[in-house]
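Notes to accompany the following structure.
Hydrogens, waters and symmetry mates are skipped; everything else that's a heavy atom, side chains included, is used. Throughout, numbering of the chain's residues begins at 1 and tracks the sequence. Each ligand, and each atom within it, is numbered from 1 in the order the structure gives.
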Amino acid sequence: MSFSTLGLSEPILKAVADLAYTEPTAIQKQAIPVVLSGKDLIAGAQTGTGKTASFVLPLLEQLHTKKVNTDRKLRGKRIRALILVPTRELAVQVESSISSYSKYLTLSSMAMYGGVDAEPHKQRLIWGVDIIVATPGRLLDMAHQRALHFDELEMLVLDEADRMLDMGFIDDINKIIERLPTQRQNLLFSATISDDVRALAKRTINRPVEISLAQNNASKPKIEQWLVTTDKGNKSALLSHLIKDLQWQQALIFIETKHGAAKLVSQLEKRDIKAEAIHSGRTQAVREQVWNDFKSGKIQYLVATGIAARGLDIGALERVVNYDLPDNVDDYIHRIGRTGRAGASGEAVSFVSKDNFRNLCAIESRLGHVINRKEFEGFDVKKVVPVSILNYIPKSKRS
Ligand code: AMP
């Protein structure tokens, strides 16, 4: 199946061809026709499946067609489509996808997020912007300041809805939705469709078509997962050993805290490994620079806290390392989704110490299998991590 059979028009197909996408991914095949038909949609799809294009391409098509047919000019401080995302990094990422997919169209777009001066955003809003990609807090701020009005809004997208709820954005999202015109098309994307996500969808969305890629995902990336058990104090030595011994060229290394990130960078440096860190303690400008350097290969090893790295897209990332195993199973799934994207193969390596045992059980129970364990000479563990109980249910979820 090619993109040309999906109902997208020439300028969009040309932009897609420029990116050398030959075939739509599974989510794109399913979602694009639904969005083009004007229906509401709920889609269960993770990062790495091509989900961004699955809503951006038909959204552009809808806005472009109406613009050409009605020749209506956008009024000042008005927007036609709103994409809500959990983090500023994802806002930047999605907006940059919009820019490349719309390069042969005359639609305007802007990313809007907190933590930076709001004045440039306000200035750009004065003439109206077709598509805004925003984090909920900053968007609401702008609405309160009357820098932006929603009366011409046609489409709403909630991207990574589960993550937005995890991050406590529910009140902001509800307040935003209250301000929107009732006649609009709604799209909701979420890695997991939890009860909370369903409740949000129920309030927001009209009789949606539901698509889930959880099973039978043809474009599922090939990710080799393995773990190495380790004593807590031995992790940085182990990481240095793996980088050198296995000749890793690239790794995105997830760590729990910003202090831990800075410490690990200096520990690696002592072993002649040059790494950088992104976390909430660094400015947005520095984070963007470091991320771009990592993408271009200038930086080979990047240590990141989970939130800082969320949503950042890098095409085909070779490897992620869970230096600290995440507490939350969804985080594990999201993190490994950073690698092996859109068909490329990748590797997800986790360091597991005895106090991670419960988390490991929860993760392996979700996966439905134990993760392959590897051992390395000179790194014997004192506190052995037992083999998981695969039907493990966390205490908080037991009835
Ligand atoms: P996403 O799941 O939206 O984060 O996309 C993951 C990656 O897949 C991005 O780098 C996209 O540029 C890429 N991608 C999206 N659609 C396709 C496609 N049809 N063929 C090849 N790569 C794609």
Quiz item: Do the charged groups of Asp355 and Lys232 touch, with an N to O distance under 4.0 Å?
Solution: yes
Quiz item: What atoms of ligand 1 come within less than 4.0 Å of a heavy atom belonging to Lys51?
Solution: 1 (P), 2 (O), 3 (O)
Self-check item: Numbered atoms of ligand 1 (with element) below 4.0 Å of Gly50, judged on heavy atoms
Solution: 1 (P), 2 (O), 3 (O), 5 (O), 15 (C)
Practice problem: With sequence neighbours excluded, tell me which residues meet ring pair (Phe, Tyr, Trp, His ring centres under 6.0 Å) with Tyr101. | Solution: none
Quiz item: Is the closest N or O pair between Phe3 and ligand 1 shorter than 3.5 Å?
Solution: no
Exercise. Answer yes or no: does an N/O atom from Gln28 fall short of 3.5 Å to an N/O atom of ligand 1?
Key: yes
Exercise. Could you tell me whether Tyr101 and ligand 1 have an N or O pair separated by under 3.5 Å?
Key: no
Quiz item: Who's closest to atom 3 (O) of ligand 1 heavy-atom-wise, of Thr49, Asp159, Thr52?
Solution: Thr52
Practice problem: Give the contacting part of Glu23 toward ligand 1: side chain, backbone, both or neither, where contact means a heavy-atom distance below 4.0 Å. | Solution: backbone
Quiz prompt | Tyr323 ring center within less than 6.0 Å of Phe254 ring center | solution = no
Self-check item: Separation between OG of Ser236 and CD1 of Ile273, rounded to the nearest 0.5 Å
Solution: 9.5 Å
Exercise. Check Lys258 against Gly281 and note the closest heavy-atom contact, atom names and distance.
Key: CD-N, 3.9 Å
Self-check item: Ring-face cation of Lys235 near Phe351 (centre distance under 6.0 Å, axis angle within 45°)
Solution: no
